[in-house]
Asker: 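Quick one: this structure, given as structure tokens, is what I'll be asking you about.
Quantities reported herein were computed from a predicted structural model and do not represent experimental measurements. Order of the sequence lines sets the chain letters (A, B, ...), proteins ahead of strands, with each chain counted from 1. Because only heavy atoms are used, hydrogens play no part in the values below, and waters and symmetry mates are left out as well, while side chains stay in.
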Protein chains: 2
Amino acid sequence: MARPTIADIATRAGVSKGAVSFALNGRPGVSDATRERILKIAEQMSWRPHSAARALGASRVDSVGMVIARPARTLGVEPFFAHLLSGVQSGLSAESISLQLLIVEDTAAEIEVYRRWTSEHRVDGVILVDLTVKDPRVDELRSLELPAVVIGGRGGKGALASVWADDRDAMLSIVEYLAALGHRRIAHVAGTPNFQHTQRRIRAVRDAAPRLGLLDAPSLTTDFSDSEGAAITRKLLSQSDRPTAIVYDSDVMAVAGLGVAMEMGVSVPGDLSIVAFDDSILTQLMHPALTALSRDTFDFGRQAAEVLLETIADPTTVVNRRTPDPVLTVRESTAPPS
Amino acid sequence: MARPTIADIATRAGVSKGAVSFALNGRPGVSDATRERILKIAEQMSWRPHSAARALGASRVDSVGMVIARPARTLGVEPFFAHLLSGVQSGLSAESISLQLLIVEDTAAEIEVYRRWTSEHRVDGVILVDLTVKDPRVDELRSLELPAVVIGGRGGKGALASVWADDRDAMLSIVEYLAALGHRRIAHVAGTPNFQHTQRRIRAVRDAAPRLGLLDAPSLTTDFSDSEGAAITRKLLSQSDRPTAIVYDSDVMAVAGLGVAMEMGVSVPGDLSIVAFDDSILTQLMHPALTALSRDTFDFGRQAAEVLLETIADPTTVVNRRTPDPVLTVRESTAPPS
DNA sequence: CTGGATTGATAAACCGGTATAGCTCCCGAA
DNA sequence: TTCGGGAGCTATACCGGTTTATCAATCCAG
């Protein structure tokens, strides 16, 4: 028999459909003996719930969504998303909930997807990444009443659940390390200024500068691309009082920066120390290998999944879970200034 | 009113549910006038189909799946998948079909996912990547009667639909280019030997060697990781009659190889030419930038989506679509041997 | 002018589960 | 002895669509 239904199980067990439903979902209404008999038969017939049928009656779909709004070109080299995805999935698979992934061009398209998903009942909740300062997605999701969890930024105003790491402390640990090595001219090549985490990192650098006696600590924003990372580096290294250390907000930009330094004859780490605010194979492929901030992105994803499931189960309580602080992995690209 | 159903539309239009269904799906059974009236009302009420309800009656879910069986660690740096995914989605979005993505550890887990998806009716079809020589997935999918399309390898024995590029011709173009530059000792750092495309590339090198008068053209297999790529390169460059050119099956390995050359004082492209069989930002971030084979991965994905939809619509005909041949993008890492 | 085919629409069954009202026992307390 | 009440189960409505059998009205050919 192809694809047994609970009706098949019911006839075979000599009970009603309802009893089978009760038994399979572990809820009261059948005796232990009957329950066990039903479960055994279901097992024998290798029954599996029909996801659509279940979604129709109850109103959960056992599926969550994640939309990434970035041009595909910049996505691939970012190991961040691959690790995050794996983590999310491992957090979901325990409950055998599936993940819908969508890559779109911009936030407008992303919001459109949320609307469609909601009206078509395709997902029970969503995971948000790359939170911006006044993020329109937050209000939209609230008005759609779609459970959501924000990755890497506090939901703000008690709005959405979130999973976040302390970017401020992380950035401080980098700058303090460089200061301890003796650096006084440190530059910060930041990401897109409208991202919340970019803002927090910039603020951290600015706040720490006087305390650590830094002469200069500019934060320069980019679009996260390798080309802008390279361009800014070229400009920084052309100054008369050029920095002795540069902190990059992504590993791709750090690699591009290293390339520029080599091309300009600036030795790393002799004349210039480089730190990447994100770790991956990339940093280790380089010569010299780059000192970088390592985050447990996989775990990040798993926790996001957990929090999302909690939020779906009980949308009234808003969880804001903090993850362990990232740590600085020192490699060959940092040294005391000459 | 929250989430209008076709029943709501029906009462408002003064017709039956069935008529509404006919109208919305563009099938005969209603007059043009009525159809238009119904469509207008549906539009006004911003009606959207409830995916689960639709999936229950008809037996299509409007959703396809893709499982990637690779450790997450090696996934992130591969821009290949990000581009492929975007392409697949662009091919699906035209029909507003959603994509389920899953990253698992190995093929056994992947097959388990296919079984679950089938029994739970979660997908209408799947896209297969990384076809191996005697791939167990092909038989499994056939016995599950789950429509599928293979990316990057002919389905074999008329089994599954496929979308493929000519790896053989591509590899020949690389080797011929190197030979034309004057290289006679060319090494090939290949990927995992059980992948079909690896086999085809190895065979291409072997077949071309005598015709081009190559003295030596070994193909050495790896697990696609940067570390094995580096290790093999170290071995190759330590030989007394070391190769003057190396072709790498992936850009990550090529980058690792370039690092080894620099570390050993072998100048690129002076003493060694390097070619990557795959292009991405990575190759352009390097100094020197790497000569690489560019494939339109996005288009690849889009075509795969198209073929899959055709296969779902009509499972009897098996499409084997060939995509445009990849082209060699020459950069700074190739030159005549010294 | 009549019979058969065609058009436009309806009512109802159906998909595979979940939720609920209600029925039948059986047990214990008054 | 009777009655209340809970445990165990059945029957059935329901979720939101699709599909089919049916039927009335219209049209055309003979």
Asker: Closest approach to the side chain of Ser21(A), judged atom by atom: which nucleotide of dT18(C), dC9(D), dG17(C) is it?
Answerer: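 Of all the options, the side chain of Ser21(A) is nearest to dT18(C).
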Asker: Within this structure, what is the CG-CD distance for the pair Asp62(A) and Glu120(B), rounded to the nearest 0.5 Å?
Answerer: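 Here the rounded value is 8.5 Å.
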Asker: Between P on dC15(C) and CG on Asp8(A), what's the gap in Å once rounded to a whole number?
Answerer: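 Distance check: Asp8(A) CG to dC15(C) P gives 11 Å.
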Asker: On DNA chain C, check which nucleotide each of Ala7(A) and Gly18(B) is closest to and give me the residue with the more 5' one.
Answerer: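 This one resolves to Gly18(B).
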Asker: Where the side chain of His50(A) is defined as all heavy atoms beyond and including C-beta, which of dG16(C), dT18(C), dT19(D) is the nearest nucleotide?
Answerer: dG16(C)
Asker: At less than 4.0 Å, is any side-chain N or O atom of Trp47(B) found next to OP1 or OP2 of dG17(D)? Yes or no.
Answerer: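 Looking at the OP1 and OP2 atoms of dG17(D), one of them is under 4.0 Å from a side-chain N or O of Trp47(B).
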Asker: Under 4.0 Å, counting only non-hydrogen atoms across every strand here, what does Arg27(B) touch: a base, just sugar-phosphate, or nothing?
Answerer: sugar-phosphate
Asker: Using 4.0 Å as the upper bound for N to carboxylate O, is an ion pair formed by Arg115(A) and Glu110(A)?
Answerer: no
Asker: Between atom CG in Leu56(B) and atom C1' in dT18(D), what is the gap in whole Å?
Answerer: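 Taking CG of Leu56(B) and C1' of dT18(D), I get 10 Å after rounding.
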Asker: Taking CZ from Arg122(A) and P from dG16(D), how many angstroms apart are they, rounded to a whole number?
Answerer: 16 Å
Asker: Need one value for Arg35(B): base, sugar-phosphate or nothing, where a base atom within 4.0 Å counts as base even if backbone is also close, heavy atoms only.
Answerer: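 Arg35(B): no heavy atom of the nucleic acid under 4.0 Å.
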Asker: Rounding to an integer number of Å, can you tell me how far Leu24(A) CG sits from dT18(C) C1'?
Answerer: 12 Å
Asker: Counting only side-chain heavy atoms from C-beta out, which of dT10(C), dT18(D), dG16(D) sits nearest to Ile6(B)?
Answerer: dT18(D)
Asker: Which whole-number value in Å describes the distance from Arg54(B) CZ to dC15(D) P?
Answerer: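 Rounding to the nearest Å, CZ of Arg54(B) and P of dC15(D) are 19 Å apart.
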Asker: Round to the nearest Å and state the distance from Lys17(B) atom NZ to dT18(D) atom C1'.
Answerer: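 My rounded result for the distance is 9 Å.
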Asker: Would you mind reading off the distance between Ile9(B) atom CD1 and dT10(C) atom C1', rounded to a whole angstrom?
Answerer: 17 Å
Asker: Less than 4.0 Å between a side-chain N and a carboxylate O, is that true for Glu306(A) and Arg321(A)?
Answerer: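 Result for this pair is yes, salt bridge flagged.
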Asker: Out of curiosity, Arg35(B) CZ to Asn25(B) CG, how far, rounded to the nearest 0.5 Å?
Answerer: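 Going from the CZ atom of Arg35(B) to the CG atom of Asn25(B) covers 9.5 Å.
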Asker: When you measure from the side chain of Ser31(B), which nucleotide among dT18(D), dA9(C), dT20(C) comes out closest?
Answerer: dA9(C)
Asker: Starting at the 5' end of DNA chain D and moving along, which residue's nearest nucleotide shows up first, Ala52(B) or Ala19(B)?
Answerer: Ala52(B)
Asker: State whether Ser16(B) places a side-chain N or O below 4.0 Å from either non-bridging phosphate oxygen (OP1 or OP2) of dT10(C).
Answerer: yes
Asker: Expressed in angstrom and rounded to an integer, what is the separation of Met45(B) atom CE from dG17(D) atom P?
Answerer: 11 Å
Asker: Touch check for Val15(A), heavy atoms < 4.0 angstrom, all strands: base, sugar-phosphate only, or nothing?
Answerer: sugar-phosphate
